[in-house]
Amino acid sequence: MAQGARLRCIDGACALEYPIETAAVHCRRGHHLDVVYDGSPPKSLKEEFLHRRDHGGSIFNESGVWRFRELLNFCGIDAGDEAACSRSLVSLDGSEGRLSRPYGMSRVAEFCRMDPERLLLQPEGYNPSGSFKDNGMATAVTHARMVGAATIVCASTGNTSASAGMFAANEGMACDVYIPRGKIAQGKLGQAYQFGAQIVEVDGNFDDALRASLEAVGEGRGYTVNSINPFRIEGQKTIPYRALEHLGWEAPDWIVYPGGALGNTSSCGKALSELRSWGWIKKMPRIAVVNAEGASTLADLYNGAGGGGGLRWNAGRPDTGAIERHYAALDASGGVPQTRATAIQIGRPANLLKALRALEASDGCVTTVSDADMLDGMSVVGLNGFDCEMASGATVAGIRRLVDEGTIRRDDTVVGILTGRQKDPSLPVEYHTDASNRFARPPRA
Ligand SMILES: *Cc1c(COP(=O)(O)O)cnc(C)c1O
């Protein structure tokens with residue numbers, strides 16, 4: 001009972017379609033693409049997904065991504081056929097997405113002034129390469145293999161390259177990673193080297209590295225696994241799936257993410273819209289995106305900073321001129337994105353339009369937090385015995401701010417996504433040795 005799948009341009013007026021075996025990430029007019037499926041999966045699959053948690057030796061049931069394979073079956077395989085799964089689906093032996101699900105964290109709830117029963121945090125850092133990127137890399141590399149790619153290519157603030165490197169090494173593929181020189185955490189850079197990836201250093205920031213990597217791909221030097229690749233977006237849909245499954249498919253009021261290139265935001269919006277259209281969930285959770293103050297393109301555009309109304313998806317007809325003007329102003333001011341949370345230090349979020357669509361579909365909101373707030377957020381997660389990096393601290397700090405402002409109500413149910421594990425040990429050492437920090441526990445002589 002395999003379904004058909006195609007690629008479709010996201011632009012309402014264009015709506016060009018391509019076969020699923022297409023490796024391009026844009027339509028011929030330059031718009032982004034979605035994976036779209038025929039038909040709607042039966043709700044009885046909810047039971048099947050639960051049964052698969054008792055995996056019976058199948059790595060595709062053990063995987064927190066492929067356990068939901070009927071909902072991302074762009075390979076068009078018989079999902080019940082283990083041999084077909086083995087032939088088509090790429091997995092790190094079932095470990096991607098396996099350990100991540102929502103947890104209650106009382107200290108975090110206290111910090112956010114929320115009912116501890118109603119605030120759940122999902123640590124995606126508990127993925128094999130240490131970030132949520134593995135969810136989308138499993139699907140992107142599956143597609144790379146489907147189209148016969150020998151080399152995968154990415155630009156990265158660190159976690160994408162760690163994940164791509166790990167999958168490439170497992171699959172015996174080559175991996176080229178474009179990184180902004182000196183701007184990524186050593187722990188992440190070390191992973192890319194360790195997995196045998198070819199590092200390509202670019203002078204500039206992440207936005208420059210992305211441009212350079214896409215040029216290389218345009219010249220036929222590999223297959224891009226950045227989140228502009230629509231197949232990345234498919235695998236990351238399992239992040240909200242796992243949250244929803246934990247809640248018995250009762251939608252929470254909010255799902256909260258840090259915003260970088262906005263692949264997660266886009267993916268969550270697509271997942272929720274599909275589930276809603278199939279009748280799997282009765283209401284749409286609202287998506288909240290948290291930008292760093294120093295890398296706040298989405299917040300500035302969406303909240304209409306600098307006058308004018310906020311930028312909206314506008315049912316597929318967004319004011320793209322406003323985006324161009326914003327970027328031109330950024331360039332003119334020499335305004336490079338500035339935050340120590342390098343994973344979200346991005347000025348030109350590649351998935352901006354899909355993110356606007358997600359915000360419209362979910363009646364979402366966007367806020368910003370300072371570096372100091374993010375470090376507090378990161379640290380209070382630690383006090384609950386969980387590990388996350390500074391960019392993930394944005395989720396906690398953002399929830400706190402939205403509760404303070406009354407946007408999130410104290411009795412709302414909230415799932416916050418902790419996107420990655422701590423890979424820069426100097427940050428907690430620095431934080432805790434400065435007694436003026438809120439949660440600091442300085443060393444004792
Ligand atoms: C990649 C990354 C982000 C940004 O996610 P987007 O989907 O690009 O918005 C946030 N946090 C961590 C830890 C990341 O690795």
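The basis for the numbers below is simple: all heavy atoms, side chains too, and nothing from hydrogens, waters or symmetry mates. Each ligand, and each atom within it, is numbered from 1 in the order the structure gives.
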Under 3.5 Å, N/O to N/O: give me all the pairs between ligand 1 and the protein, one per line with atom names and distance.
unit_1   : atom_1 : unit_2 : atom_2 : d
ligand 1 : 7 (O)  : Gly263 : N      : 3.1
ligand 1 : 7 (O)  : Asn264 : N      : 2.8
ligand 1 : 8 (O)  : Ala261 : N      : 2.8
ligand 1 : 8 (O)  : Leu262 : N      : 3.4
ligand 1 : 9 (O)  : Gly260 : N      : 2.8
ligand 1 : 9 (O)  : Ala261 : N      : 3.3
ligand 1 : 9 (O)  : Leu262 : N      : 2.8
ligand 1 : 11 (N) : Thr419 : OG1    : 2.8
ligand 1 : 15 (O) : Lys133 : NZ     : 2.6
ligand 1 : 15 (O) : Asn159 : ND2    : 2.7

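By the side chain to side chain donor-acceptor pair (under 3.5 Å) test, Tyr223 is found to be paired with His143, Asn229, residues two or more places apart in sequence or in another chain being considered.
In summary, the side chains of Glu360 and Asn314 do not present any donor paired with an acceptor at a separation below 3.5 Å, with no hydrogens or angles considered. Thr342 and Thr157 share no side-chain donor-acceptor pair at under 3.5 Å.
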(request) Kindly indicate, with the supporting measurements, whether the criterion side chain to side chain contact (heavy atoms under 4.5 Å, CB included) is fulfilled by Arg67 and Phe60. (result) CA-CA 6 Å; Arg67 191 155 63 80; Phe60 304 105; over 6 Å; no
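A cation-pi arrangement is present between Arg348 and Tyr327, with the terminal nitrogen or guanidinium carbon under 6.0 Å from the aromatic centre and inside a 45° cone about the axis. Taking the centre and axis of the six-membered ring of Tyr302, the NZ or CZ atom of Arg312 falls inside the cone set by 45° and 6.0 Å.
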